[in-house]
Amino acid sequence: MTDAYIERLNWADIADQLDIEGHALLPGLLGTDAMRDLTRQTEIMGATHRVALASSDTGRGELFYFAADLPAPLQAWRADFYRHLAVVANGWNEALGIDHRYPSGLDDFLRRNREAGQTRGQSHLSRLGLDDYLPLHRRNAGEQVFPLQIVALLSEPGEDFQGGEFVMTEQRPRMQSRPMVLPLARGDAAIIGTAERPFKGGRGHYRVNLRHAVSRVCSGERIGLELIFHQAR
C-alpha cells in the first residue's frame, strides 16, 4: 500500500458507509510484504511492548504495543488516513451538535494529545492462539479521542486459524444491541467507529455506542492490527 493508493480510495463512498453502518471495509488493503513485515514484529518486539492477557475482563492472548512513533510504513499510513478521516470525524461532531473540531493534520492532533498528557501509543498487533479472544471493548479514555480507527487481519481465516471473527456491537437508545461480524480476509482492513457515532433517526441525529471484539479462536493462530489515532495517558 502506498500514499497514492490511499489517495485513490473512494473517500466519498467510504464516508457514506461510515455514516450509514459505522464501518467501511477496505478489501486487500495490505500487500504480502507489508503483512509479512508486520507479522515479524510479534517475534522481534521486546517484553516492554508485549502484554499478556489472562483474565476474563481483558481476554486471552497477547498484544504488542508500538511506541508513540510508529515504525514505517505505519507512521505514514496513519497520517494519510487521518487527513481524510478528520473530515468524517468533524462531520460526525457537527451532526451531534458538538463544537469541537479536529485539525486537518495528524501532527497538530498529536500535539493536542501531548498537551492533554496523552503520550502513550495505543496502536498494536494482537496474537491469538487456541481459545484466545478479545472481549468487547473501546478505547475512548482521555480528553483527546479520535472517533475512528483502523483494524486489519494479517492471517488467513480457514487456513491459519478457525473462529476468531471480528465482531462489533452498536447500542442505540432504548433498543437491543445490534451485532455485526465483519468478513475480513487476510490483508483486508476496515475503518470502524472507536466508541460512538451519530445515527440519523426520525427526529434527527442521536448518539449510538460502539464496541468491538474478536471471538474465540478455535484452532491455529490469528494475528491482527489495530491502528489508533489518539494516544493514551
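A distance-only check finds a donor-acceptor pair linking the side chain of H137 to the backbone of P135 [under 3.5 Å]. Under the 3.5 Å distance criterion, the side-chain polar atoms of Q118 are matched with a main-chain donor or acceptor of Q144. Of the possible polar contacts, one joining the S155 side chain to the I223 backbone as a donor-acceptor pair under 3.5 Å is found. For Q122 (side chain) and H230 (main-chain N/O), a donor-acceptor pair under 3.5 Å exists by modelled atom type. Within the 3.5 Å criterion, the main-chain N or O of T119 finds no donor-acceptor partner in the side chain of R114. Within the 3.5 Å criterion, the main-chain N or O of E165 finds a donor-acceptor partner in the side chain of S215.
Under the 4.5 Å side-chain criterion, counting only non-hydrogen atoms from C-beta, M168 is not in contact with R211. In this structure, Y133 and V214 have side chains that are not in contact, with every pair of non-hydrogen atoms separated by 4.5 Å or more. By the 4.5 Å heavy-atom criterion applied to side chains, L134 and R216 are not counted as neighbours. Side-chain contact between F66 and H49 is absent, with no heavy atoms from C-beta onward closer than 4.5 Å. In this structure, the side chains of T169 and L210 stay at 4.5 Å or more apart for every pair of heavy atoms. Two residues are said to be in side-chain contact when any heavy atoms from C-beta on lie closer than 4.5 Å; L106 and R83 fail this criterion. Side-chain contact between I150 and L26 is absent, with no heavy atoms from C-beta onward closer than 4.5 Å. At least one side-chain heavy atom of Q149 sits under 4.5 Å from a side-chain heavy atom of H212.
When hydrophobic clusters are built by joining Ile, Leu, Val, Met, Phe, Trp and Tyr residues whose side-chain heavy atoms come closer than 4.5 Å, directly or via intermediates, M45 is grouped together with L70. In the hydrophobic clustering of this structure, V145 does not group with I228; members are Ile, Leu, Val, Met, Phe, Trp, Tyr whose side-chain heavy atoms approach within less than 4.5 Å, directly or through other members. Hydrophobic cluster membership is shared by F161 and L53, with clusters built from Ile, Leu, Val, Met, Phe, Trp and Tyr side chains linked at under 4.5 angstrom. Criterion: ILVMFWY side-chain heavy atoms under 4.5 Å apart, direct or through other members. Under it, L85 and L9 are part of a common hydrophobic cluster. A single hydrophobic cluster is seen to contain both W11 and L29, as judged by linkage of ILVMFWY side chains at heavy-atom distances under 4.5 Å, directly or through other members.
The heavy-atom pair separating Y5 from G28 by the smallest distance is OH-O, 4.2 Å. Here the closest non-hydrogen pair linking V217 and G129 is CB-O, 3.2 Å. Annotation for A34 and W77: closest pair CB-CH2, 3.8 Å, computed over non-hydrogen atoms. Looking at every heavy atom in both residues, D132 comes nearest to G61 through OD2-CA, 3.4 Å. Contact record, L128 with R60: CD2-O, 3.4 Å, taken as the closest heavy-atom pair. Closest non-hydrogen pair, F64 versus T42, comes out as CE2-O, 3.5 Å.
Below 30°, between 30° and 60°, or above 60°: for Y102 and F109 the angle between ring planes is above 60°, a perpendicular geometry.
Annotation: the span from E7 atom CD to D80 atom CG amounts to 6.0 Å, rounded to 0.5 Å. A distance of 8.5 Å separates CD1 of I98 from CZ of R101, quoted to the nearest 0.5 Å. Taking CD of Q75 as the start and OG of S123 as the end, the distance is 9.0 Å to the nearest 0.5 Å. For the atom pair CG (L74) and CG (L225), the distance works out to 6.0 Å, reported to the nearest 0.5 Å. Between F229 atom CZ and R139 atom CZ the span is 14.5 Å, to the nearest 0.5 Å.
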Side chains of residues 189-201: which donor-acceptor pairs under 3.5 Å do they make with residues two or more places apart or in other chains?
{"unit_1": "T194", "atom_1": "OG1", "unit_2": "F146", "atom_2": "O", "d": "3.0"}
{"unit_1": "T194", "atom_1": "OG1", "unit_2": "P147", "atom_2": "O", "d": "3.4"}
{"unit_1": "T194", "atom_1": "OG1", "unit_2": "L148", "atom_2": "N", "d": "3.2"}
{"unit_1": "T194", "atom_1": "OG1", "unit_2": "L148", "atom_2": "O", "d": "3.4"}
{"unit_1": "E196", "atom_1": "OE2", "unit_2": "R207", "atom_2": "NH1", "d": "2.7"}
{"unit_1": "R197", "atom_1": "NE", "unit_2": "E170", "atom_2": "OE2", "d": "2.8"}
{"unit_1": "R197", "atom_1": "NH1", "unit_2": "D19", "atom_2": "O", "d": "2.8"}
{"unit_1": "R197", "atom_1": "NH2", "unit_2": "I20", "atom_2": "O", "d": "3.2"}
{"unit_1": "R197", "atom_1": "NH2", "unit_2": "E170", "atom_2": "OE2", "d": "2.9"}

*Stepwise, does the side chain to side chain donor-acceptor pair (under 3.5 Å) test hold for Q162 with S219?*
CA-CA 5 Å; Q162 302 282 347; S219 65; 5.0 Å; no

*What's the verdict on side-chain contact (heavy atoms from CB on, under 4.5 Å) for M180 and V167, showing C-alpha distance, side-chain angles and the deciding distance?*
CA-CA 6 Å; M180 296 164 281; V167 180; over 6 Å; no

*I would like to know whether Q41 and D37 meet side chain to side chain donor-acceptor pair (under 3.5 Å); could you show each step before the answer?*
CA-CA 7 Å; Q41 293 289 326; D37 292 343; over 6 Å; no

*asked:* Quick one, E143 with R233, criterion salt bridge (Lys or Arg N to Asp or Glu O under 4.0 Å). Give me CA distance, side-chain angles, the key distance, then yes/no.
replied: CA-CA 10 Å; E143 175 185 325; R233 284 187 172 274; 5.4 Å; no

*asked:* Applying side-chain contact (heavy atoms from CB on, under 4.5 Å) to F81 and I6, what does each step give before you reach the verdict?
replied: CA-CA 7 Å; F81 272 109; I6 296 174; 3.7 Å; yes

*For side-chain contact (heavy atoms from CB on, under 4.5 Å), just list the numbers for E62 and V51, CA-CA rounded to whole Å, side-chain angles, deciding distance to a tenth of an Å, and then say yes or no.*
CA-CA 6 Å; E62 297 175 308; V51 175; over 6 Å; no

*Run the numbers on R222 and D160 for salt bridge (Lys or Arg N to Asp or Glu O under 4.0 Å), then give the verdict.*
CA-CA 7 Å; R222 180 195 191 277; D160 297 325; over 6 Å; no

*Output, in order, the C-alpha distance, side-chain angles, deciding distance and verdict of side-chain contact (heavy atoms from CB on, under 4.5 Å) for R138 and N209.*
CA-CA 10 Å; R138 55 184 183 173; N209 294 317; 3.6 Å; yes

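For the 3.5 Å distance criterion, the side chains of N90 and E94 fail to qualify, holding no donor opposite an acceptor. Side-chain contact annotation: S177 with Q171, donor-acceptor N/O pair under 3.5 Å present.
The side-chain contact (heavy atoms from CB on, under 4.5 Å) with I14 is formed by just one residue from the set L18, D16, N10; it is L18. Among T39, D33, T32, the one residue that satisfies the side chain to side chain donor-acceptor pair (under 3.5 Å) test with R36 is D33.
Between Y65 and H124, the distance from one ring center to the other falls under 6.0 angstrom.
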